[in-house]
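Some notes on the structure that comes next.
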Amino acid sequence: MKKVQLAYGKGSISIEVPDKAVIVEPPHIESLADEKGAVVQALRHPTGTPPLKEMVKASDTVAIVISDITRPTPNHKLVPWLIEELSHVPKENFVVINGLGSHRHNTREELISMLGQEVVDTIRVINHEAFDDKELVHVGRNSYGSEVYLNKTYVEADFKIVTGFIEPHFFAGFSGGPKGINPGIVGIKTIQDFHNAEMIGNPKSTWGVIEGNGVQDAATQNCLMAKPQFMLNVTLNGDKEITNVFAGDVIQAHRVGCEFVKHHAMVAVDHSFDIVITTNAGYPLDQNLYQTVKGMSAGAQIVKEGGSIISVAECSDGLPSHGNFGPILKMRNTPQALLDMINEPSFSMFDQWEAQALAMIQVKADCYLYSTLDKETVADCMLQSVENIEQTLATLIDKYGPDASIAVLPLGPLVVPYVAK
């Protein structure tokens with residue numbers, strides 16, 4: 001047997017697995033020796049745009065869009081460094097927009113943890129309002145027929161900056177870039193269109209795919225209707241440290257970043273597995289079950305049809321309690337019935353996309369969850385509750401036989417495995 005550390009909440013859980021188990025991890029990339037120096041260098045020598053400082057006038061109002069508390073973007077570093085680089089702009093001209101998409105508001109305490117006390121005390125910081133039409137403005141219609149509504153404060157700003165981090169994404173191919181704008185600061189109607197059943201169910205709407213991916217294309221089209229003049233994205237290692245910086249044009253610089261991530265985060269395995277143990281990379285991504293679907297999806301890439309996935313995620317924020325994810329999961333009593341309901345053209349509820357993604361995984365494999373959620377809640381989600389990971393693993397080895405193949409993803413979706421063909 002060998003020990004494996006599984007990312008869980010703000011710490012980790014140690015388990016023993018058979019020696020033959022395949023551990024699938026991203027190659028560890030050391031953090032940049034001088035993170036701030038690298039970011040400043042990228043701001044002054046960007047891809048596809050002039051240096052940031054040359055683009056912004058002292059009289060400009062500047063909107064900086066950030067990702068919310070469910071993402072590990074180091075906003076507490078990036079935002080102060082951006083403001084420092086734009087020191088010729090008065091602080092009262094800045095607004096930081098928390099790109100919540102349809103997520104809940106972040107509290108002042110959470111915003112301080114995300115941005116630092118000084119930014120929250122000296123810069124205007126607002127939570128995006130996806131459900132308030134008065135805070136949105138219509139900017140156009142995309143080629144999929146979706147009406148695009150964007151955050152009014154963002155649209156009215158003279159200079160627009162989007163931040164974020166790039167990792168493989170289970171719908172959009174990669175996070176970062178245009179996704180900071182869409183779904184980050186679009187209206188709920190646009191979010192629902194962006195995540196409709198046909199879009200999510202398309203085989204090209206998956207990890208590591210840009211070309212032909214309708215989700216990434218819709219995000220790009222919507223973003224370009226009120227294009228940010230500048231993007232600052234980073235990549236992170238398993239310790240949430242900055243490993244590279246990509247800045248400049250929101251499309252060109254993002255594509256460079258995606259190639260970097262694809263090279264480091266997509267890992268080939270020789271075959272699919274009977275049992276896959278995965279995580280959601282710990283806090284902040286494993287705060288709730290909604291986000292935990294990402295780690296399960298990474299595991300589903302290499303599990304056999306009829307196999308089993310054990311997901312290890314703290315879910316300290318519940319399902320969460322806000323939104324429609326939990327209620328939708330209760331609407332049908334099998335994953336296939338849930339998929340059939342969501343695929344009905346007449347069905348439309350926000351958060352249906354995450355329920356759809358979970359059901360697609362559950363149709364393929366039995367899904368187990370080790371978390372802080374109570375057994376009844378887990379059962380309502382058509383998952384099997386785990387009290388002891390090693391005991392559950394032993395039971396599954398009995399089920400599949402002594403030659404059962406096992407894979408472990410200690411960092412969940414920070415690495416995306418695929419079966420080499």
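Everything quoted here is computed from the prediction, not taken from an experiment. FYI, the numbering just counts along the sequence from 1.
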Original post:
Ser311 versus Leu369: any side-chain heavy-atom pair under 4.5 Å?
Top reply: yes

Original post:
Judged by atom type as modelled, is there a donor-acceptor pair below 3.5 Å linking the side chain of Thr163 to the main-chain atoms of Val65?
Top reply: yes

**OP:** With salt bridge (Lys or Arg N to Asp or Glu O under 4.0 Å) as the test, would you mind laying out the steps for Arg104 and Glu110 before giving the verdict?
**Re:** CA-CA 12 Å; Arg104 67 168 175 84; Glu110 287 173 330; 2.7 Å; yes

Original post:
Counting only heavy atoms not in Lys53, do more than 12 sit closer than 6.0 Å to its NZ atom?
Top reply: yes

Original post:
When you look at NZ of Lys240, are more than 12 heavy atoms from neighbouring residues, nucleotides or ligands closer to it than 6.0 Å?
Top reply: yes

Subject >> Arg108 and Asp121: CA distance, side-chain angles, deciding distance, salt bridge (Lys or Arg N to Asp or Glu O under 4.0 Å) verdict >> reply: CA-CA 10 Å; Arg108 175 178 169 82; Asp121 284 349; 2.7 Å; yes

Subject >> Sequence-distant partners of His138, side chain to side chain donor-acceptor pair (under 3.5 Å), two or more places apart >> reply: Glu147

Subject >> Donor-acceptor pair, side chain of Asn196 and main chain of Asp193, under 3.5 angstrom >> reply: yes

Subject >> Partner set under salt bridge (Lys or Arg N to Asp or Glu O under 4.0 Å) for Glu35, not counting sequence neighbours >> reply: Lys77

**OP:** Give a yes or no answer on whether the side chain of Tyr154 reaches the backbone of Ala226 with a donor-acceptor pair at less than 3.5 Å.
**Re:** yes

Original post:
Just wondering, are more than 12 heavy atoms of other shown residues or ligands nearer than 6.0 Å to NZ in Lys10?
Top reply: no

**OP:** For Gln291 and Asp286, indicate whether the former's side chain and the latter's backbone hold a donor-acceptor pair under 3.5 Å.
**Re:** no

**OP:** Not counting sequence neighbours, which residues clear salt bridge (Lys or Arg N to Asp or Glu O under 4.0 Å) with Arg44? List them please.
**Re:** Glu85

Original post:
Is the side chain of Ser297 donor-acceptor paired with the backbone N or O of Val293 at a distance under 3.5 Å, no angle test?
Top reply: no

Subject >> Which residues share a ring-ring contact (aromatic ring centres under 6.0 Å, His included) with Phe325, sequence neighbours left out >> reply: Tyr290

Subject >> salt bridge (Lys or Arg N to Asp or Glu O under 4.0 Å) against Lys364, all qualifying residues, sequence neighbours excluded >> reply: none

**OP:** Please check if atom CD in Glu118 has more than 12 non-hydrogen atoms from other residues, nucleotides or ligands closer than 6.0 Å.
**Re:** no

Original post:
Which pairs with one or both residues in residues 181-191 pass salt bridge (Lys or Arg N to Asp or Glu O under 4.0 Å), sequence neighbours excluded?
Top reply: none

Original post:
If only atom types and distance count, is the side chain of Lys20 paired as donor or acceptor with the main-chain N or O of Ala404 below 3.5 Å?
Top reply: yes

Original post:
Between the side chains of Asn142 and Asn222, is a donor N or O closer than 3.5 angstrom to an acceptor N or O?
Top reply: yes

Original post:
Does Thr235 reach the main-chain N or O of Ile166 with its side chain, forming a donor-acceptor pair under 3.5 Å?
Top reply: no

Subject >> Heavy-atom check, side chain of Glu390 versus side chain of Met1, under 4.5 Å >> reply: no

Subject >> Evaluation steps, side-chain hydrogen bond (donor to acceptor under 3.5 Å, both in side chains), between Thr61 and Asp158 >> reply: CA-CA 5 Å; Thr61 53; Asp158 297 320; 3.1 Å; yes

**OP:** Only one of Phe260, Phe165, Phe230 passes ring pair (Phe, Tyr, Trp, His ring centres under 6.0 Å) with Phe246; say which it is.
**Re:** Phe260

Subject >> Partners passing ring-ring contact (aromatic ring centres under 6.0 Å, His included) against Tyr370 (at least two apart in sequence or in another chain) >> reply: Tyr8

Subject >> side-chain hydrogen bond (donor to acceptor under 3.5 Å, both in side chains) assessment of Asp68 paired with Thr70 >> reply: CA-CA 6 Å; Asp68 74 356; Thr70 65; 2.6 Å; yes

**OP:** Using the side chain to side chain donor-acceptor pair (under 3.5 Å) rule, collect all pairs that involve residues 267-283, keeping only residues at least two apart or in two chains.
**Re:** Asp274-Lys304, Asp274-Ser405

**OP:** With sequence neighbours excluded, tell me which residues meet side chain to side chain contact (heavy atoms under 4.5 Å, CB included) with Val137.
**Re:** Val139, Val155

Subject >> N/O donor-acceptor pair under 3.5 Å between His88 side chain and Val56 backbone >> reply: yes

**OP:** Only counting residues at least two apart or in another chain, list the ones meeting salt bridge (Lys or Arg N to Asp or Glu O under 4.0 Å) with Asp217.
**Re:** none

**OP:** Just grab all the ring pair (Phe, Tyr, Trp, His ring centres under 6.0 Å) pairs involving residues 34-60, residues at least two apart or on different chains.
**Re:** none

**OP:** Measure from the side-chain N and O atoms of Asn237 to the backbone N and O of His28, and report whether any donor-acceptor pair falls under 3.5 Å.
**Re:** no

Original post:
Under the side chain to side chain donor-acceptor pair (under 3.5 Å) rule, what pairs show up with a residue in residues 246-257, not counting sequence neighbours?
Top reply: Lys227-Asp249

Original post:
Is there side-chain contact between His169 and Val215, with at least one heavy-atom pair below 4.5 Å?
Top reply: no

**OP:** State, to 0.1 Å, how close Pro18 and Leu393 come at their nearest heavy-atom pair, and which atoms those are.
**Re:** CD-CD2, 4.1 Å

Original post:
Hey, does the side chain of Asn288 reach the backbone of Pro320 with a donor-acceptor pair shorter than 3.5 angstrom?
Top reply: no

Subject >> No-hydrogen, no-angle side-chain donor-acceptor test under 3.5 Å, Asn127 and Asn98 >> reply: yes

